[in-house]
Chemist: 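I have a structure I would like to understand better, so I am pasting it below and will then ask my questions one at a time.
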Amino acid sequence: MEPLNCQPLPASSARSSNFIRDIMVSDLDSNKYGGRVQTRFPPEPNGYLHIGHAKAIYLDFGLADQFGGHTNLRFDDTNPTKEETEYVESIKESIRWLGYHWDGLYHASDYFDQLYEWAIKLIRMGKAYVDDLSADQIREYRGTLTAPGRESPYRQRPIGENLNLFERMRAGQFPNGSRTLRAKIDMSSPNLNLRDPVMYRILHAEHHRTGNKWCIYPMYDYAHGQSDAIEGITHSMCTLEFEDHRPLYNWFIEQLGIFPSQQIEFDRLNLTYTLLSKRKLLRLVSEGLVRGWDDPRMPTLVGIRRRGFPPEALRNFCAAIGVTKTNGTLELEMLEHFIREQLNHEAPRVMAVLRPLRLIIVNYPEDGVEQMEAINNPEDPGAGTRKVPFSRVLYIEQEDFREHPPKQYYRLCPGREVRLRYAYFVTCTGLVKNDRGEIIEVHCTYDPKTRGGQAPDGRKVKSTIHWVSATHAVDAEVRLYEKLFTKTDPDEVEEGKDFTSNLNPNSLAIVRPAKVEPSLATAAVESRYQFERLGYFCVDPDSAPGNLVFNRTLALKDTWARIEKSDAAGR
RNA sequence: UGGGCCGUCGACUAAUGGUAGGUCAAGUGCCUUUGGAGCACUUUGUCUAGGUUCGAAUCCUAGCGGCCCAGCCA
């Protein structure tokens with residue numbers, strides 16, 4: 001057979017091999033699955049997807065795609081007490097947002113009937129039995145990591161009795177927890193998962209899809225592999241902690257003689273300054289430590305989206321980080337790099353002033369207004385230009401003026417000439433302070449011959465600063481985000497404390513009103529911009545006409561900040 | 001201390017017995033109408049000890065270190 005891996009791969013994935021791709025290539029070469037690659041993404045609908053899932057999605061969908069394969073979306077809904085339909089739509093929406101499309105849409109619950117039949121088959125084969133032990137007793141009988149378990153007294157129950165009892169379990173004749181169906185494997189196995197694992201438990205609970213049809217529900221281990229087999233999944237990827245489950249995954253498939261799906265485990269994504277545990281994220285939300293699941297500081301996909309991370313950047317990130325079986329933690333900076341790279345490429349530039357300082361051009365006509373031509377995106381000539389109104393009174397950034405400039409500070413200060421981006425050279429001639437000694441106004445003269453930003457005599461200025469025209473500017477609320485936690489490992493805490501003690505008190509700062517150029521007045525929700533010299537910003541869903549709200553996605557890399565920092569450290 | 005998995009620059013990841021390479025981070029310089037972006041250069045690495053081999057990150061042995069497993073969660 002012609003190896004499919006000879007086909008050119010998409011540019012984004014044209015990098016070195018990884019062990020999963022190697023397995024796929026080898027399976028294709030050996031024709032193990034008739035030339036097919038079929039994967040699945042199996043979220044449990046009990047919470048929101050996070051950046052860790054983005055990696056799984058990238059692998060499940062992306063890898064299959066590279067070999068012309070297919071990917072199913074399968075909701076792993078075997079526990080009605082935890083799962084809710086409200087999560088289903090959000091999960092689907094996040095997958096679509098990331099840019100992926102599933103082939104089949106299934107639920108583990110679609111297979112409850114088949115799973116039940118297979119359970120009966122295993123009972124008939126003498127490979128499963130109904131156990132009357134309580135949860136506590138089962139734990140006791142299971143043994144420990146170092147000591148073997150003991151067989152349940154019900155283990156040798158006759159097949160007919162097992163059949164009868166299991167049927168009555170299903171019929172609802174027994175209360176929750178009173179009995180289970182267990183696989184009969186090996187109570188002395190060093191792998192705890194093989195010590196007669198529970199296949200079914202009694203749960204008198206309404207299921208979000210099957211309603212009250214069932215009161216017994218399959219466990220993950222009994223449901224997952226068989227669901228894979230039913231769908232003809234060839235490569236079933238999951239995270240490392242399931243390695244110990246693989247022998248069980250294979251055991252059910254072998255006993256049942258069904259399609260031999262194979263489970264492949266990879267390393268979960270860990271990021272510095274980031275928590276990716278559903279339980280802890282839930283605490284942040286329920287205790288009001290963030291504003292919700294889609295708070296832009298959250299690592300959830302809905303949060304990241306609201307923050308303004310482009311989906312393409314996430315895909316590039318996943319492609320770059322690779323996949324292995326090594327447990328590690330990625331530096332957040334790696335993620336941020338791919339966000340900036342994408343945004344630099346696609347975000348239109350605009351001017352906005354976060355902390356306005358009035359600048360008056362004393363030699364400019366009182367009511368003069370000019371439309372200055374500005375480039376929308378220097379990285380993309382096709383993005384064209386726009387007009388930005390200029391007038392006598394402007395706002396500049398407070399940070400861009402110093403009465404007493406430190407060394408290496410190139411921005412505006414008394415006597416210094418700088419360029420106003422896309423406008424004129426201006427020279428500071430004076431300043432005005434209030435009673436408290438704060439600078440409230442800067443006075444400048446402009447050189448009319450430098451219109452557009454070039455001096456005909458060829459003289460240079462050391463810096464260019466951004467501005468908005470005071471009369472034309474639009475007010476906006478700007479939400480500035482920083483890392484949610486102060487420690488690279490948010491779980492690193494003193495005795496008696498938990499991760500909430502590592503919350504960064506400055507993770508959200510609201511600036512209001514910021515002054516933005518008028519072209520932003522009609523900016524659509526979710527559209528992404530670069531505020532020149534400041535960073536990348538996007539329009540928050542809270543935004544409305546006349547009430548603009550922006551989120552800072554990420555600040556630009558700031559060489560000056562680094563100079564200041566190392567300067568302070570050096571002193 | 002039963003079992004499983006894993007150890008390559010500060011971080012992540014390639015090299016599939018044959019030149020230890022890439023990305024991020026850090027640093028230096030160039031360039032610049034964003035102190036952005038870009039470009040160039042630089043620093044740092046095969047857990048340890050033996051062994052096999054002409055040749056070992058790769059194979060073998062023994063250590064050391066890390067992660068996971070005792071839910072009727074997934």
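In what follows, chains carry the letters A, B, and so on, assigned in the order in which the sequence lines appear, proteins first and then strands, with residues in each chain numbered from 1. These numbers were taken from a predicted model, which means no experiment stands behind them.
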Chemist: Mark yes or no: A:R182 above the aromatic ring of A:Y129, with NZ or CZ under 6.0 Å from the six-membered ring centre and no more than 45 degrees from the axis.
Modeler: no

Chemist: Look at the side-chain N and O atoms of A:K557 and state whether any lies under 4.0 Å from the OP1 or OP2 oxygen of B:A25.
Modeler: yes

Chemist: In terms of side-chain geometry, is the basic nitrogen of A:R355 or A:E399 positioned less than 4.0 Å from the acidic oxygen of its partner?
Modeler: no

Chemist: If each of A:L420 and A:R246 is mapped to the nucleotide of RNA chain B with the nearest heavy atom, which maps nearer the 5' terminus, i.e. the 5' end?
Modeler: A:R246

Chemist: Indicate whether OP1 or OP2 belonging to B:U34 is found under 4.0 Å from a side-chain N or O atom of A:R349.
Modeler: no

Chemist: Any stems for RNA chain B, made of 3 or more Watson-Crick or G-U pairs in a row, each with both distances under 3.5 Å?
Modeler: B:2-7 with B:64-69, B:10-13 with B:21-24, B:26-30 with B:38-42, B:47-51 with B:59-63

Chemist: If you measure from the P atom in B:G10 to the same atom in B:C47, how many Å do you get, rounded?
Modeler: 12 Å

Chemist: Enter syn or anti for the glycosidic conformation of B:G71, syn applying to angles within 90° of 0.
Modeler: syn

Chemist: OP1 or OP2 of B:C6 less than 4.0 angstrom from a side-chain nitrogen or oxygen of A:T324, does that happen here?
Modeler: no

Chemist: It should be established whether A:R195 places a side-chain nitrogen or oxygen under 4.0 Å from OP1 or OP2 of nucleotide B:C69.
Modeler: no

Chemist: Grab the CZ-C1' distance between A:R411 and B:G36 for me, whole Å please.
Modeler: 12 Å

Chemist: P atom, B:G17 versus B:A56: distance in rounded Å?
Modeler: 14 Å

Chemist: Determine the minimum heavy-atom distance between A:H466 and A:M351, stating which atoms define it.
Modeler: CB-SD, 3.7 Å

Chemist: Mind calculating the distance between CG (A:N191) and P (B:A70) to the nearest angstrom?
Modeler: 11 Å

Chemist: Would you check if the side chain of A:D196 reaches a backbone N or O of A:I185 as a donor-acceptor pair within less than 3.5 Å?
Modeler: yes

Chemist: Hey, does the side chain of A:T559 come within less than 4.0 Å of B:G36's phosphate (OP1/OP2), counting only N and O?
Modeler: yes

Chemist: Are any of A:R562's side-chain N or O atoms less than 4.0 Å away from OP1 or OP2 of B:G35?
Modeler: no

Chemist: How many Å lie between CG on A:D186 and P on B:G3, as a whole number?
Modeler: 14 Å

Chemist: Charged N to carboxylate O under 4.0 angstrom, A:E243 versus A:K325?
Modeler: yes

Chemist: Is a salt bridge present between A:R209 and A:D110, judged by a nitrogen-to-oxygen distance below 4.0 Å?
Modeler: yes

Chemist: If only side-chain N and O atoms of A:R533 are considered, is one of them under 4.0 Å from the OP1 or OP2 phosphate oxygen of B:U32?
Modeler: no

Chemist: Between A:S17 and B:A15, is there a contact of a side-chain N or O with OP1 or OP2 at under 4.0 Å?
Modeler: yes

